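I have placed the structure first, in the form of structure tokens, so that the comments after it can refer back to it.
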Amino acid sequence: MTAGEEKTEQQIPIEGEDITPKKDGGVLKLVKREGTVDDIPMTGDKVSVHYTGILLDGTKFDSSRDRDDYFTFDLGKGEVIKAWDIAVATMKAGEVCQIICKPEYAYGSAGSPPKIQPNATLVFEIELFEIKAEDLTEDEDGGITRRIRKKGESYSKPNEGASVEVHLEGKYQGTVFDSRDISFIIGEGEEVDIPVGIEKALQEMEKGEEAIILLKPKYGFGEEGKPKFHIPSNANLVYEVVLKNFEKAKESWEMNIDEKLEQSAIVKEKGTAHFKCGKYNQATIQYKKIVSWLEHESGLSEELLQQSNALRLAAHLNLAMCYIKMDENLQAVENCEKALELDANNEKALFRMGEARLALNDYELAKANFQKIVQLYPNKAAKMQIGICQKKIKEQLDREKKIYAKMFPKFTSTDTKEVPKTKSEKDTAVEEENKENLDEGGKGEPMETDTNHKSQELDASA
């Protein structure tokens with residue numbers, strides 16, 4: 001027997017249906033137990049299986065059951081041998097099947113020594129347990145999931161600002177509420193009633209791809225719903241989307257500094273327009289472009305550096321305000337920190353950081369932010385916020401004393417009665433801290449004007 005030849009003592013019968021696209025007999029499938037549901041996995045789905053791998057002579061070379069742990073992979077992404085991507089795509093949840101794989105659909109001429117020799121035909125028994133749609137969210141919160149019905153034509157994908165041509169069909173509880181062919185710019189989809197989740201999904205799609213996109217309310221029409229489509233508050237949506245064509249927007253590296261500054265000024269105005277309409281998600285998309293275009297620029301002249309820093313400062317301040325409005329306070333704090341790197345004593349950045357930290361129950365840190373403002377500026381709203389922070393700190397200490405007293409009653413005798421909140425004072429402070437007026441000199445930026453200080457306004461150059 002020469003090197004690379006298989007053993008002749010064959011114990012496994014060669015049988016099954018040819019499931020290869022080419023019908024070349026490279027993968028034969030034999031169903032041993034039918035699946036329990038009709039759903040089969042699609043490209044990109046995360047699937048969990050148990051398997052046992054054997055050679056034609058009956059020798060077992062691997063088994064997930066021996067490890068008592070499912071094997072999980074993303075279907076159709078080349079993470080496993082070709083035979084697996086082909087075979088598992090034909091299975092139903094609960095199904096058990098046997099597949100026989102020729103070398104070109106397994107480990108080929110290289111094999112996988114020492115257990116799998118070159119040019120080996122392999123046999124697998126596979127049981128499919130779970131099918132999960134691909135999660136497209138940055139936080140992996142399951143808010144946008146995709147199932148690819150038909151794979152696209154290339155690896156190129158639309159980017160932020162790309163012009164796209166799509167066919168879409170939106171469904172709520174099985175009823176179609178939106179069906180159309182439409183062209184729009186990614187980042188401006190809300191203007192044509194396209195949810196932000198669909199825009200995010202399109203940036204992961206290839207030309208010609210057909211996909212089923214499931215959206216949770218946060219990435220759909222949210223708490224407001226969409227009366228135009230008779231979509232109620234907090235509705236889960238299902239879209240079938242075909243990306244027919246697209247033209248990518250210029251990437252950052254494709255633009256010179258003059259183009260970046262010009263485009264940054266344009267998208268800043270777009271962001272402010274979205275903010276004024278309460279479209280905070282859409283506003284953040286525009287402000288983020290400024291940061292991505294300008295944050296890594298270096299070697300600029302003094303004049304260009306001032307323009308760049310002013311635009312970046314405005315972007316971070318406005319992002320912070322948007323995130324506060326969306327109750328995403330950690331991101332608000334992060335953007336305030338970025339703003340303070342550009343202007344260490346920026347009044348708006350300190351105030352918004354204090355607001356966000358107060359919402360996060362970081363009372364001591366919030367108090368420090370407001371105290372710094374008072375040291376630098378005659379800011380009445382910041383003084384009121386210091387009072388709120390002090391009350392919150394005292395309430396927190398009183399709660400801790402009560403807990404301690406219950407745990408160790410004989411060691412404590414302090415009065416732990418909580419200080420009642422003064423509603424009128426709190427409401428006044430909230431009203432002061434959250435005023436947003438449009439400033440003529442600041443080109444319509446979201447801001448506070450409760451102190452009558454120019455430092456509370458965005459610079460006209462921003």
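As the structure is a prediction and not an experimental result, all values here were calculated from the model. The analysis underlying the following values was restricted to heavy atoms, covering all of them including side chains, and did not include hydrogens, waters or symmetry mates.
A salt bridge does not link Lys279 to Glu191: none of the charged side-chain nitrogens sits closer than 4.0 Å to a carboxylate oxygen.
You'll find the side chain of Asp66 reaches within 4.5 Å of the side chain of Lys60, heavy atoms only. When side chains are defined from C-beta on, Gln286 does not count as touching Gln282, because their heavy atoms never get closer than 4.5 Å. Taking the side chain as every heavy atom from C-beta outward, Leu202 and Met205 approach each other to under 4.5 Å. Looking only at side-chain heavy atoms (C-beta outward), Glu188 and Lys270 come within less than 4.5 Å of each other. When side chains are defined from C-beta on, Glu295 counts as touching Arg312, because their heavy atoms get closer than 4.5 Å. Between Ser64 and Val49 the shortest side-chain heavy-atom distance does not fall below 4.5 Å.
Of the possible polar contacts, none joining the Glu204 side chain to the Ala201 backbone as a donor-acceptor pair under 3.5 Å is found. A distance-only check finds no donor-acceptor pair linking the side chain of Glu169 to the backbone of Asp178 [under 3.5 Å]. Under the 3.5 Å distance criterion, the side-chain polar atoms of Asn346 are matched with a main-chain donor or acceptor of Ala349. For the pair Asn369 (side chain) and Phe351 (backbone), a donor-acceptor distance under 3.5 Å is absent. The closest donor-acceptor contact from the side chain of Asp18 to the backbone of Asp24 lies under 3.5 Å. Without hydrogens or angle criteria, Lys200 side chain to Thr137 main chain gives no donor-acceptor distance under 3.5 Å. Formation of a donor-acceptor pair under 3.5 Å by the Asn329 side chain with backbone atoms of Ala332 is not found in this model. Panel note: side chain Arg352, backbone Cys336; no donor-acceptor pair is recorded below 3.5 Å.
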Could you list the donor-acceptor pairs under 3.5 angstrom formed by side chains in residues 226-237, with sequence neighbours left out?
from	atom 1	to	atom 2	distance (Å)
Lys226	NZ	Asp193	OD1	3.0
Lys228	NZ	Asp193	OD2	2.6
Ser233	OG	Glu223	O	2.7

What donor-acceptor contacts under 3.5 angstrom involve side-chain atoms of residues 71-82, with partners at least two apart or in another chain?
from	atom 1	to	atom 2	distance (Å)
Thr72	OG1	Ser48	OG	3.0
Asp74	OD1	Lys46	NZ	2.9
Lys77	NZ	Glu134	OE2	3.4
Glu79	OE1	Asp74	N	2.9

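Between Lys102 atom NZ and Thr20 atom OG1 the span is 9.0 Å, to the nearest 0.5 Å. Rounded to the nearest 0.5 angstrom, Glu95 CD and Ile126 CD1 are separated by 9.5 Å. In this structure, CG on Leu243 lies 12.0 Å from NZ on Lys150, to the nearest 0.5 angstrom. Interatomic distance, Asp45 CG to Arg146 CZ, rounded to the nearest 0.5 Å: 10.0 Å. Separating the CG atom in Asp141 from the CG atom in Leu136 is a distance of 11.0 Å, to the nearest 0.5 Å. With rounding to the nearest 0.5 Å, the separation of CG in Leu261 from CD1 in Ile290 is 10.5 Å.
Contact between Gly142 and Asp135 at its shortest, heavy atoms only, is N-OD2, 2.9 Å. Here the shortest heavy-atom pairing between Ala133 and Arg147 reads CB-CG, 3.6 Å. Ile99 approaches Cys101 most closely through the heavy-atom pair CD1-SG, 3.8 Å. The minimum heavy-atom distance between Ser264 and Leu311, with the atom names listed, is CB-CD1, 3.9 Å. Ser179 and His167 get closest at one heavy-atom pair: OG-CE1, 4.1 Å. Nearest heavy atoms, Gln385 versus Leu358: NE2-CD2, 4.0 Å.
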*So Lys171 and Glu240, side-chain contact (heavy atoms from CB on, under 4.5 Å) or not? Walk me through it.*
CA-CA 8 Å; Lys171 295 180 182 179; Glu240 296 184 16; 3.6 Å; yes
*side-chain hydrogen bond (donor to acceptor under 3.5 Å, both in side chains) between Thr90 and Lys29: does it pass, once the steps are laid out?*
CA-CA 9 Å; Thr90 70; Lys29 177 186 175 186; 2.8 Å; yes
*Criterion side-chain hydrogen bond (donor to acceptor under 3.5 Å, both in side chains) on Tyr287 and Thr272, from CA distance to verdict*: CA-CA 9 Å; Tyr287 295 136; Thr272 299; 3.2 Å; yes
_Criterion side-chain contact (heavy atoms from CB on, under 4.5 Å) on Ile186 and Phe246, from CA distance to verdict_ = CA-CA 10 Å; Ile186 291 182; Phe246 69 91; over 6 Å; no
*Criterion side-chain contact (heavy atoms from CB on, under 4.5 Å) on Met42 and Ile212, from CA distance to verdict*: CA-CA 10 Å; Met42 299 181 185; Ile212 301 171; 4.0 Å; yes
*asked:* Please determine whether side-chain contact (heavy atoms from CB on, under 4.5 Å) holds for the pair Phe184 and Glu199, giving the CA-CA distance in whole Å, both sets of side-chain angles, and the decisive distance to 0.1 Å.
replied: CA-CA 10 Å; Phe184 64 96; Glu199 293 191 287; 4.0 Å; yes
*asked:* Could you walk me through whether Glu127 and Arg65 satisfy the salt bridge (charged side-chain N to carboxylate O under 4.0 Å, His left out) test, starting with their C-alpha distance in whole Å, then the side-chain angles of each, then the deciding distance to 0.1 Å, before giving a yes or no?
replied: CA-CA 10 Å; Glu127 181 175 1; Arg65 295 186 186 278; 2.5 Å; yes
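The number of heavy atoms from other shown groups lying within 6.0 Å of CD (Glu247) does not exceed 12. Within 6.0 Å of atom CG in Asp38, 12 or fewer heavy atoms from other residues, nucleotides or ligands are found, so the atom counts as exposed in its surroundings. Other residues, nucleotides and ligands contribute at most 12 non-hydrogen atoms within 6.0 Å of the NZ atom of Lys338. For Glu224, the CD atom counts as loosely surrounded, since its 6.0 Å shell holds 12 or fewer non-hydrogen atoms of other residues, nucleotides or ligands. Heavy-atom neighbours of Asp68 CG from other residues, nucleotides or ligands within 6.0 Å: at or below the threshold of 12. Atom NZ of Lys132 has 12 or fewer heavy atoms from other residues, nucleotides or ligands within 6.0 Å. By the 6.0 Å contact criterion, CD on Glu254 is enclosed, its count of non-hydrogen atoms from other residues, nucleotides or ligands being greater than 12. Within 6.0 Å of NZ in Lys216 there are 12 or fewer heavy atoms belonging to other residues, nucleotides or ligands.
Of the candidates Ser252, Ser308, Ser292, Ser252 is the only one forming a side-chain hydrogen bond (donor to acceptor under 3.5 Å, both in side chains) with Lys260.
Within the 6.0 Å centre-distance limit, the rings of Tyr70 and His50 are counted as a close aromatic pair.
Under the 3.5 Å distance criterion, with hydrogens and angles disregarded, a donor-acceptor pair is assigned to the side chains of Thr59 and Asp57. Under 3.5 Å, the side chains of Tyr51 and Asp62 contain a donor-acceptor pair of N or O atoms.
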